[in-house]
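What follows is one structure encoded as structure tokens, with my remarks underneath.
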There are 2 protein chains.
Amino acid sequence: MKITTNVIILQKASSVKRKSAGEILKTLRVPEATVSRLSIYSRFLERLDKNGITTVSSGEIADGVGVSPAQVRKDLAYFGDFGTRGVGYNVKDLLKYTLKILGLDQEWPLAIVGAGNLGFALCTNRGFSVRGFHIAGVFDNNSTRIGKQIGNLEVKPLAQFPEIAKKENIRIGIIAVRTSLAQEVADIMVKSGMQAILNFSPVTINVPEDIEIRNVDLSIKLELLTFNLGIKTTQSL
Amino acid sequence: MKITTNVIILQKASSVKRKSAGEILKTLRVPEATVSRLSIYSRFLERLDKNGITTVSSGEIADGVGVSPAQVRKDLAYFGDFGTRGVGYNVKDLLKYTLKILGLDQEWPLAIVGAGNLGFALCTNRGFSVRGFHIAGVFDNNSTRIGKQIGNLEVKPLAQFPEIAKKENIRIGIIAVRTSLAQEVADIMVKSGMQAILNFSPVTINVPEDIEIRNVDLSIKLELLTFNLGIKTTQSL
DNA sequence: AATATTATGTGAAAATTACAACAAATGTAA
DNA sequence: TTACATTTGTTGTAATTTTCACATAATATT
């Protein structure tokens, strides 16, 4: 239950320094997959907590999210000793720790560029708000969309991005425009001081090295499925 | 330019049998990451082709999508010899091959359950249609949504899923309902003969082993970003 | 108090994936 | 025709990630 991790400093893309027993900070790299699984564990723990479950084992987490128990323990071990041998993990505590590790112990204002159907869906997506994200600005350059109300938010012209981003302290931008505009929007985001970008357009975006960028590709997983269905039905190339 | 891959048969999740020079079929497993990158290469090739570019090297593909040239060649080598030494790859041909490998040389009818904002965005998503997917059915149980028109498609009650899925030859289902309904919808899809499921709800779904299921999680990548922004600003746990 | 049971944390082994280096093949220019 | 430049396909190597196995610690039981 004691936390051995005390200081976390960026070394490379996903490296942390972790305090070991001997008080020496050792550097270790955290696989990106580990961080993603942490999100999944975290949401599973939320569900357990909501159902009044107070203690959980690595095996139960593993069953719940579809990984191996060793994987769960290894993933958590990157960040500290959160469990009690012979007992398991305290749900509330572990949930708190995973949220803290993921940086979700604070509110994150987001800016979305693209107020089309996808942008609209993202704005109204409950999944974001329950995890501490809130949309602080929606932008578009299409005059039919500017001024439109989404929830209690008004779609603003893209030109106002820098100003609003600064005022609202936005560090993360979401690209939900069509492919041909994606790079242009990314450039504006970088110029406006965004430190991280989530790109929903199916194209590779170039940004400076110090900007974190990740893609959510709606089609890739679908094409993985058709690949698998394809080889299932035996076909010649 | 000659294709050595002749027969592809499912061995495990992503295994193919590939014909080597000696005419012997050897079994090799294809990393899922390779298949995902193939989707990305494929779309990059589409862009090149549209711009009238006829030849491309592994290095140019690598630069275009942000991986190493060796990775590109290795990925393609799982499926055959598509290039010419000293020259590179023929764009049109390689595009055709990648599409074929991904199973995108045919039309894929899809069924979406959930006609909320996300379901609506997916229905109208241009990215699907350009890759050979088309929505053949949209379903919901919310009476305010049933009967609503999305493009030239009408939202049908969930009860009609099995019937329409069969009539339209749908093998892939998309889950775009809220978390609490996701498993229930998955069960209906399995019962209706879906062979693959794409799940947009942030919860782990259980399906029989022979059903392919993949998740698109809108928040995970966002939380990866906050993790990285978190360690960038040095904080104690 | 001793023993049994449970479940974590971790170091070592195994498996997977990516990278690098180079021989082979192609095209080009002298 | 020969030498040179280019770029693939592939083999071996390195790095990463996952899995395994077990010592360790906490609790329960006799």
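Hydrogens, waters and symmetry mates are skipped; everything else that's a heavy atom, side chains included, is used. Numbered from 1 within each chain, the chains take letters A, B, ... in sequence-line order.
Both B/G88 and B/K74 lie near DNA chain D, and the one whose nearest nucleotide falls closer to the 5' end is B/G88.
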Please tabulate, one pair per line, all N/O donor-acceptor pairs under 3.5 Å involving side-chain atoms of residues 58-69 of chain B, not counting sequence neighbours.
unit_1 : atom_1 : unit_2 : atom_2 : d
B/S58  : OG     : B/R73  : NH1    : 3.0
B/E60  : OE1    : B/S57  : N      : 2.9
B/S68  : OG     : B/Q71  : N      : 3.1

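Rounded to a whole Å, the OH atom of B/Y78 is 13 Å from the C1' atom of D/dT11. Going from atom CZ of A/F79 over to atom P of C/dG9 covers 14 Å, rounded to whole Å. For B/E32 and C/dT17, the CD to P distance is 9 Å, given to the nearest whole Å. If you take CZ of A/F82 and P of C/dT8, they are 14 Å apart, rounded to a whole angstrom. Between the CG atom of A/N90 and the C1' atom of D/dA26 there is a distance of 15 Å, rounded to whole Å.
Listed by chain and number, the residues in a salt bridge (Lys or Arg N to Asp or Glu O under 4.0 Å) with B/K92 are B/D49 (sequence neighbours excluded). Evaluation of the side-chain contact (heavy atoms from CB on, under 4.5 Å) rule for A/S192 yields A/F161, A/P162, A/I188 as partners, not counting sequence neighbours. Looking at residues two or more places apart in sequence or on another chain, you find a side-chain hydrogen bond (donor to acceptor under 3.5 Å, both in side chains) between A/Y41 and A/D75. Take A/K96 and apply the salt bridge (Lys or Arg N to Asp or Glu O under 4.0 Å) test, not counting sequence neighbours, and it matches no residue. Applying the salt bridge (Lys or Arg N to Asp or Glu O under 4.0 Å) criterion to A/E46, with sequence neighbours excluded, gives A/R131. With sequence neighbours left out, B/A196 forms a side-chain contact (heavy atoms from CB on, under 4.5 Å) with A/L225, A/L229, B/I172, B/E212.
Dashed line: the shortest gap from a side-chain N or O of A/Y89 to OP1 or OP2 of C/dT6 is not under 4.0 Å. Between B/R29 and the phosphate of C/dT16, there is a side-chain N or O to OP1/OP2 separation shorter than 4.0 Å. OP1 or OP2 of D/dT19 has at least one side-chain nitrogen or oxygen of A/Q71 nearer than 4.0 Å.
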Which pairs, protein N/O on one side and nucleotides 25-30 of chain C N/O on the other, fall under 3.5 Å?
unit_1 : atom_1 : unit_2 : atom_2 : d
C/dT26 : O4'    : B/R85  : O      : 3.2

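Here the CG atom belonging to B/D187 is positioned 8.0 Å from the CD1 atom belonging to B/I205, to the nearest 0.5 angstrom. Note that the CG atom of A/L198 and the CD1 atom of A/I174 stand 5.5 Å from one another [nearest 0.5 Å].
Side-chain atoms of A/R73 lie closest to C/dT10 of the nucleotides C/dA20, C/dT10, D/dG9. The nucleotide whose nearest atom lies closest to any side-chain atom of A/D81 is, among C/dG9, D/dC20, D/dT18, C/dG9. Looking at the side chain of A/A77, the nearest of the listed nucleotides C/dT10, D/dT18, C/dA18 is C/dT10.
Contact check of residues 52-63 of chain A against DNA chain D (heavy atom, cut-off under 4.0 Å) returns no residues at all.
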